[in-house]
Amino acid sequence: PTDLPWWTNAVVYQIYPRSFADSNGDGIGDLGGIRQHLDHLVHLGVDVVWLSPIYRSPQVDNGYDISDYQSIDPLFGTLDEYDALLAECHARGLKLIMDLVVNHTSDQHAWFVESRSSLDNPKRDWYLWRDPVDRSGVAGLDPADAARREPNLWNSVFSGPGWQLDETTGQYYLHIFAREQPDLNWANAEMRDAVYSMMTWWLDRGVDGFRMDVINTIAKIERDLVGESRGYVMGPQVHEYLHEMHERVFAGRDAQLITVGETPGATVDDAVAFTAQDRGELDMVFQFEHVGLDHGPRTKFDNIPLALPALKASLARWQEGLADRGWNSLYFGNHDQPRSVSRFGDDGAFRYESATALAGILHLHRGTPYVYQGDEIGMTNAGYRSLSDYRDLESLNWAADELATGRPLDDVLDSLAFRSRDNARTPVQWSAGPGVGFTTGVPWLAPPASASTVNVQADLAAGSRSIVEFYRRLIALRHSSAVVRQGRFELLEPSHPALWAFTRTLDTSRLLAMANLSGAALPLDGLSLARAQDPGADHPVLLGNYAPTVAAESLRPWEFRVLALD
Ligand code: TEU
Ligand code: CA
């Protein structure tokens with residue numbers, strides 16, 4: 001028996017609808033395609049499905065630019081189809097959560113159309129409008145910055161200035177993402193009320209919670225909005241807003257719901273403040289420390305090598321930091337990150353072994369694991385070598401800026417082939433063939449060549465080398481083990497360059513998880529975990545990615561094992 005909420009024992013599966021399954025042959029995934037594959041999710045054993053946005057949207061940022069929150073974009077289907085999908089999920093014991101994107105709307109949203117229409121429109125203050133600034137007299141600025149008239153010197157995450165001049169009123173509006181994604185003004189209570197009533201509308205429809213897009217950027221600091229501020233800083237009001245949201249929207253049904261906030265840049269202390277249950281804010285957050293370790297100093301597109309000890313230490317820091325208060329999400333991949341088997345594993349000779357080793361290690365940490373569509377079959381980076389294959393505005397805008405500086409195309413393509421968000425957005429490979437079982441039409445984004453051998457059909461026929469089967473057993477282990485769910489985490493051999501090993505302890509029960517994240521055999525003698533295993537005893541192996549799994553004195557390349565010590 002435990003007083004931990006249900007989602008501490010749950011596994012979430014992220015669907016990026018545009019790339020999951022297409023049921024009408026237009027080459028874009030849709031709700032019909034999802035309904036056709038729900039049994040795949042049931043087979044995996046996941047508990048919750050998170051849908052990336054499917055609301056009406058001009059699709060500038062693939063649906064993260066919403067023009068009507070209470071609708072379904074015709075690309076994906078209708079509200080009736082949505083209700084059918086929700087009912088079918090619930091009938092299968094799956095919960096369904098939606099992606100809440102309320103740091104910004106689309107510039108086509110009725111709220112923004114009204115807000116921009118005049119200085120005294122009632123919704124003017126629902127967005128962040130500020131007058132131009134003349135900084136020609138400001139010392140210490142380079143000529144380019146001194147000439148800028150934007151209210152402050154923030155840049156957009158998607159390149160260019162973070163402000164757009166609106167000719168009609170002569171003011172700038174803030175957009176930390178694309179200019180088609182104007183930031184909402186959370187200081188405005190009327191705007192907040194409209195968001196809360198929209199959220200309640202979805203919960204009343206039966207939705208089981210939300211993933212909240214960049215929810216820690218909703219609180220801007222007024223003094224930073226004008227003047228020489230160069231970097232965004234999270235305003236402390238964010239906790240006030242999230243607590244108000246909790247009271248106004250979640251209270252009374254909080255126990256059945258799951259909420260996860262995406263909080264780029266959040267520290268462990270921020271995450272405790274967001275997720276400690278007595279705070280009444282969020283259940284958990286997506287933090288970005290581990291997925292920032294291989295970013296260069298200038299931009300994420302400057303890929304730098306990642307040493308395993310740094311990755312191990314990062315996850316261990318978050319295990320320790322949220323051990324007593326708060327709760328961790330556990331993820332390596334999503335629709336914004338490179339494919340984890342290409343980034344952290346070996347997507348060539350040891351694709352099966354490394355995909356399963358990474359999943360085993362991640363899922364045996366303390367927290368709620370998130371499986372990103374396609375990772376359950378070890379899908380790999382697309383690695384396109386032609387700019388015309390890319391679709392993501394973040395990638396295309398960055399590449400254009402880089403090429404404009406004279407950087408060689410091949411060099412830019414090297415960066416994109418590893419880091420572009422399109423790498424994780426290629427259609428789920430259900431089978432071989434031109435439409436990879438995703439569509440009977442032309443996929444909106446080109447599947448990589450690997451699809452001919454990397455696909456669900458081939459994986460399910462792979463017997464002891466099926467990645468889906470490994471995930472199924474891993475998820476079953478989580479569901480059955482109180483130690484996995486709540487055991488205390490302790491990292492072993494932190495500085496070892498290839499070994500990732502840790503224990504989980506609950507009362508007198510202990511598990512030992514270990515993986516060899518290298519392509520060479522790894523002898524275990526002399527290492528702390530060998531001592532932890534009471535050499536004499538023969539510890540049962542609960543799960544391993546090599547068959548037959550034996551508690552040997554060494555780990556084979558990319559081998560993962562978890563043992564029950566007591
Ligand atoms: O991403 C927020 C975020 O962290 C971005 O900075 C994103 O990770 C980018 O790739 C970093 O370089 C969320 C969504 O997940 C993303 O798909 C959207 O594009 C973005 O917000 C705007 O809604
Ligand atoms: Ca379609």
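All values reported here derive from a predicted model rather than from experimental measurement. Every number for a ligand or one of its atoms is a count from 1 in the order of the listing.
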Looking only at heavy atoms, is any part of Tyr16 under 4.0 Å from ligand 1, and if so is it the side chain, the backbone, or both, or is it neither? neither
Logged contact type for Gln337 with ligand 1, heavy-atom cut-off 4.0 Å, is neither
Can a donor-acceptor pair be found between the side chains of Lys123 and Asn185 at a distance below 3.5 Å? no
Look at Leu75 and state whether any of its N, O or S atoms is less than 3.0 Å from the Ca ion (ligand 2). no
Is the distance between the Ca ion (ligand 2) and the nearest N/O/S atom of Ser23 smaller than 3.0 Å?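 Checking Ser23: none of its N, O or S atoms is under 3.0 Å.
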OD1 (Asp26) to the Ca ion (ligand 2) to O (Ile28): angle, nearest 10 degrees?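 If I round to 10°, I get 80°.
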Can you give the angle Asn24 OD1 - the Ca ion (ligand 2) - Asp22 OD1, rounded to 10°?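 Vertex the Ca ion (ligand 2), arms to OD1 of Asn24 and OD1 of Asp22: 70°.
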Taking the basic N atoms (NZ, or NE/NH1/NH2) and the acidic carboxylate oxygens, is any pair closer than 4.0 Å for [X] and [Y]?
{"X": "Arg230", "Y": "Asp224", "result": "no"}
{"X": "Glu228", "Y": "Arg148", "result": "no"}
{"X": "Asp347", "Y": "Arg339", "result": "no"}

Check each atom of ligand 1 against the heavy atoms of Glu262 and keep those under 4.0 Å away; list them by number with element. 1 (O), 2 (C), 3 (C), 4 (O), 13 (C), 15 (O)
Show me which atoms of ligand 1 lie under 4.0 Å from any heavy atom of Phe158. 19 (O)
Tell me whether His295 reaches ligand 1 (any heavy atom closer than 4.0 angstrom to a ligand atom).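 Judged by the 4.0 Å heavy-atom criterion, His295 does not count as contacting ligand 1.
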At a 4.0 Å cut-off, with the gap strictly under it, does some heavy atom of Arg419 reach an atom of ligand 1?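 The answer is no, since Arg419 has no heavy atom less than 4.0 Å from ligand 1.
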Do we get Arg18 above Trp444's six-membered ring, with its NZ or CZ under 6.0 Å from the centre and within 45° of the axis?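 Flagged: Arg18 positioned over aromatic ring of Trp444.
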Aromatic plane relationship, Phe332 with His290 - under 30° parallel, 30 to 60° tilted, over 60° perpendicular: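 Correct class here is tilted.
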Evaluate the ring planes of Phe20 and Trp430, with Trp represented by its six-membered ring, and classify them as parallel (under 30°), tilted (30 to 60°) or perpendicular (over 60°).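 Answer is perpendicular, since the angle exceeds 60°.
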Less than 4.5 Å apart, any side-chain heavy atom of Asn328 and any of Thr275? no
For atom 22 (C) of ligand 1, which of the options Asp61, Asp99, Thr263, Asp336 provides the nearest non-hydrogen atom?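 Checking each option, the heavy atom nearest atom 22 (C) of ligand 1 is found in Asp61.
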